[in-house]
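Worksheet: the structure to be examined is printed underneath.
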Amino acid sequence: MGRDHPTMAELKRIGGSFRDPSGQVFEHEDRIYRSVTPVAAAEYEAARDGGLFAELVASGRLVGLTEHEGTEGASYLLEHPRLDFISFPYEWSFSLLKDAALFHLDLQLDLLTKGFTLSDASAYNVQFDGPRPLFIDHLSIRRYREGEFWTGHRQFCEQFLTPLLLRAFFDVPHNSWYRGNLEGIPVSDFARLLPLRRKLSWNVLTQIVLQDRFQRGRTSDAGVSVNLSGRKLPLSGFRAMLTQLRNWIARLKPRHVAPTTWADYASINTYSDGETSQKKQFIDDAVRATGARSVVDLGCNTGEYTKVALQSGAVRGLGFDFDQQALDQAHHRAKAESLNFLPLYLDARNPSPDQGWTQNERAGFGSRAKADLVLALAFEHHLAIAHNVPLDQVVDWIIGIAKHGVVEFVPKSDPTIMKMLALREDIFSSYSEETFSAILRSRRRIARVERISGSGRVLYAFSD
């Protein structure tokens with residue numbers, strides 16, 4: 001009988017997995033693999049033989065695995081289902097990051113009851129299957145050692161807690177800072193931002209201030225606490241620490257939740273009820289006509305039109321927006337209505353690049369955000385008019401995401417653009433429906449065109 005999996009030489013290592021001596025992640029064709037090196041084999045076997053992996057997979061908390069025999073220096077080779085989309089913490093809204101943090105703590109607490117723990121606290125080990133968090137690093141799970149400290153404490157604080165507190169305390173989204181520093185927001189930097197009254201809070205004092213003082217001069221380059229001088233932390237103390245942190249995070253909210261233009265867009269836009277229904281029908285027709293299974297929604301707002309696509313036959317929706325409150329509302333909707341929909345932060349003027357070590361550790365937006373169909377509804381003018389991006393480049397960027405799509409063109413006669421141009425010079429002489437249509441037609445087949453508003457907004461359905 002032939003081998004049913006590739007050799008190590010045939011595997012291509014995924015860029016972000018080089019750090020872990022326990023094993024690395026690879027891909028081959030459309031399959032995902034993880035090696036288990038001899039140094040990690042005993043811990044892996046303990047979790048496997050105790051039924052822990054099977055239990056976590058069955059409960060939907062751990063990505064599935066199929067074990068193969070090891071080859072070429074690997075004790076085992078694990079095969080995993082390929083996830084629909086890999087997202088990163090700097091693309092998550094406050095509510096997504098909070099859900100991931102609580103998920104991580106709940107997993108850690110549950111593992112302790114079974115005699116296991118997590119070797120680190122990387123936010124990158126959590127992914128989202130629609131609105132549901134999912135743990136992906138089997139080799140982070142190891143046996144608990146009596147009296148051990150939480151070696152992932154600082155990492156958890158920097159990759160989960162301080163980004164959440166940045167929004168909760170200062171109303172500053174974490175996304176740009178996190179993206180610029182891939183390991184999160186350093187405790188030492190965050191501590192310097194805090195006024196005295198904040199530092200005197202018990203939670204801040206214990207989780208931020210004292211930890212910062214303790215860690216000075218006691219950390220490795222990886223940010224993991226070292227040299228604990230033989231101290232012991234009772235299991236009850238470990239659990240109490242995790243529980244205190246969980247209860248605090250569960251109460252955190254963004255500092256300001258005043259309505260924003262885009263969070264309320266679904267209820268205050270310029271469309272009449274009939275025009276909104278017409279727009280939804282156009283999307284429904286496009287999804288059914290193309291048989292699209294996956295959809296990327298640019299400027300997704302609270303997810304109203306992604307929901308239409310999912311009801312029309314699509315099975316997965318990815319949304320992107322820059323408005324934090326709209327994203328939080330979209331995530332809450334996905335959870336409440338059980339939609340396979342993941343709304344993520346995107347500044348379309350500056351999408352996430354390939355970055356990290358050799359610019360290959362975290363893949364950029366362009367290589368990940370691919371789908372069968374793209375929705376760009378009331379979107380193109382925010383780039384072309386608000387930010388002076390040439391119209392042909394806007395079109396090329398949108399159509400590069402999917403073979404099929406629906407694009408809404410907003411003319412200068414629309415109230416939204418009239419407001420945009422009210423206090424600035426109109427330098428957009430070539431911005432017109434005629435120009436837009438000619439650009440799109442030169443690149444894609446136009447399947448359908450329909451005017452949907454009295455101000456002249458037009459929907460274009462295109463295919464490859």
Side-chain angles (χ1 to χ4, degrees), residues 173 175-176 258-276 278-279 282-283 296-302 304-305 319-327 345-351 365-366 369 374-402 405-444 446-462:
N175 307 85
S176 296
T260 65
T261 298
W262 306 114
D264 290 344
Y265 184 74
S267 60
I268 63 172
N269 61 61
T270 59
Y271 299 109
S272 68
D273 290 344
E275 290 167 348
T276 298
Q278 185 181 358
K279 193 172 182 177
F282 193 96
I283 294 166
V296 164
D297 187 352
L298 299 173
C300 67
N301 200 255
T302 60
E304 183 69 22
Y305 294 111
F320 294 93
D321 209 297
F322 70 94
D323 187 282
Q324 295 288 337
Q325 288 193 40
L327 288 170
Y345 173 82
L346 170 71
D347 180 351
R349 301 167 299 170
N350 186 24
F365 171 88
V374 60
L375 300 177
L377 307 171
F379 176 81
E380 52 78 27
H381 62 293
H382 290 290
L383 291 175
I385 298 295
H387 299 294
N388 297 26
V389 180
L391 193 56
D392 60 337
Q393 294 184 26
V394 175
V395 171
D396 287 340
W397 186 73
I398 292 172
I399 66 177
I401 293 173
V406 174
V407 183
E408 179 178 358
F409 179 79
V410 181
K412 287 185 180 180
S413 58
D414 189 86
T416 300
I417 293 188
M418 293 173 68
K419 289 180 181 178
M420 288 180 173
L421 295 175
L423 297 176
R424 61 177 298 190
E425 181 183 359
D426 183 355
I427 60 173
F428 308 100
S429 58
S430 62
Y431 183 88
S432 66
E433 184 189 349
E434 180 181 6
T435 303
F436 172 82
S437 179
I439 294 169
L440 187 59
R441 290 177 188 279
S442 71
R443 291 154 167 79
R444 293 291 187 269
I446 306 300
R448 182 179 172 188
V449 180
E450 186 171 323
R451 195 168 301 275
I452 59 158
S453 76
S455 67
R457 295 190 179 208
V458 183
L459 291 177
Y460 285 78
F462 69 83

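Numbering starts at 1 and runs along the sequence shown. Atom set for the values below is all heavy atoms of this structure, side chains included, hydrogens, waters and symmetry mates excluded.
Counting only heavy atoms from C-beta outward, the side chains of Asp414 and His381 never approach each other to under 4.5 Å. In this structure, Ile427 and Asn388 have side chains that are in contact, with non-hydrogen atoms separated by less than 4.5 Å. Looking only at side-chain heavy atoms (C-beta outward), Val410 and Glu380 come within less than 4.5 Å of each other. When side chains are defined from C-beta on, Leu377 counts as touching Ile283, because their heavy atoms get closer than 4.5 Å. Side chains of Tyr460 and Arg444 form no contact here, defined as non-hydrogen atoms less than 4.5 Å apart. The shortest side-chain heavy-atom distance between Asp392 and Thr435 does not fall under the 4.5 Å cut-off.
Between Gln278 and Glu450 the shortest heavy-atom distance is NE2-OE2, 2.6 Å. Considering all non-hydrogen atoms of both residues, Phe322 and Leu346 come closest at CB-O, 3.4 Å. Scanning both residues, Ala384 and Leu391, for their nearest heavy atoms gives CB-CD1, 4.0 Å. Closest approach of Arg424 and Ala386 over heavy atoms only: NH1-O, 3.7 Å. Scanning all heavy atoms of the two residues, the minimum distance from Gly299 to Asp321 falls at C-OD2, 3.4 Å.
Below 30°, between 30° and 60°, or above 60°: for Phe379 and Trp397 the angle between ring planes is below 30°, a parallel geometry.
For the pair Ser413 (side chain) and Ser455 (backbone), a donor-acceptor distance under 3.5 Å is present. Ser442 contributes a side-chain N or O that, together with a main-chain N or O of Ile439, makes up a donor-acceptor pair within less than 3.5 Å. Distance alone, capped at 3.5 Å, is enough to place a donor-acceptor pair between the Lys412 side chain and the Phe428 backbone.
Summarising the geometry, atom CD1 belonging to Ile398 is positioned 9.0 Å from atom CG belonging to Leu440; distances are rounded to the nearest 0.5 Å. In this structure, CZ in Phe320 is found 15.0 Å from CG in Asn301, a value given to the nearest 0.5 Å. Between Glu408 atom CD and Leu375 atom CG the span is 10.5 Å, to the nearest 0.5 Å.
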Residue pair Arg443, Phe462: steps toward the side chain to side chain contact (heavy atoms under 4.5 Å, CB included) verdict: CA-CA 9 Å; Arg443 291 154 167 79; Phe462 69 83; over 6 Å; no
Evaluate the side chain to side chain contact (heavy atoms under 4.5 Å, CB included) criterion for residues Ile417 and Tyr431: first the C-alpha distance (whole Å), next the side-chain angles of each, then the deciding distance (0.1 Å), finally the verdict. CA-CA 11 Å; Ile417 293 188; Tyr431 183 88; 3.7 Å; yes
Could you go step by step and tell me if Ile399 and Val407 meet the side chain to side chain contact (heavy atoms under 4.5 Å, CB included) rule? CA-CA 9 Å; Ile399 66 177; Val407 183; 5.5 Å; no
Working note: Glu304 + Lys279, criterion salt bridge (Lys or Arg N to Asp or Glu O under 4.0 Å); need CA distance, chi angles, decisive distance, verdict. CA-CA 11 Å; Glu304 183 69 22; Lys279 193 172 182 177; over 6 Å; no
Is there a side chain to side chain contact (heavy atoms under 4.5 Å, CB included) between Ile401 and Phe365? Walk through the geometry before answering. CA-CA 10 Å; Ile401 293 173; Phe365 171 88; 4.2 Å; yes
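Salt-bridge formation is not detected for the pair Arg457/Glu275: no Lys NZ or Arg NE/NH1/NH2 atom is positioned less than 4.0 Å from an Asp or Glu carboxylate oxygen.
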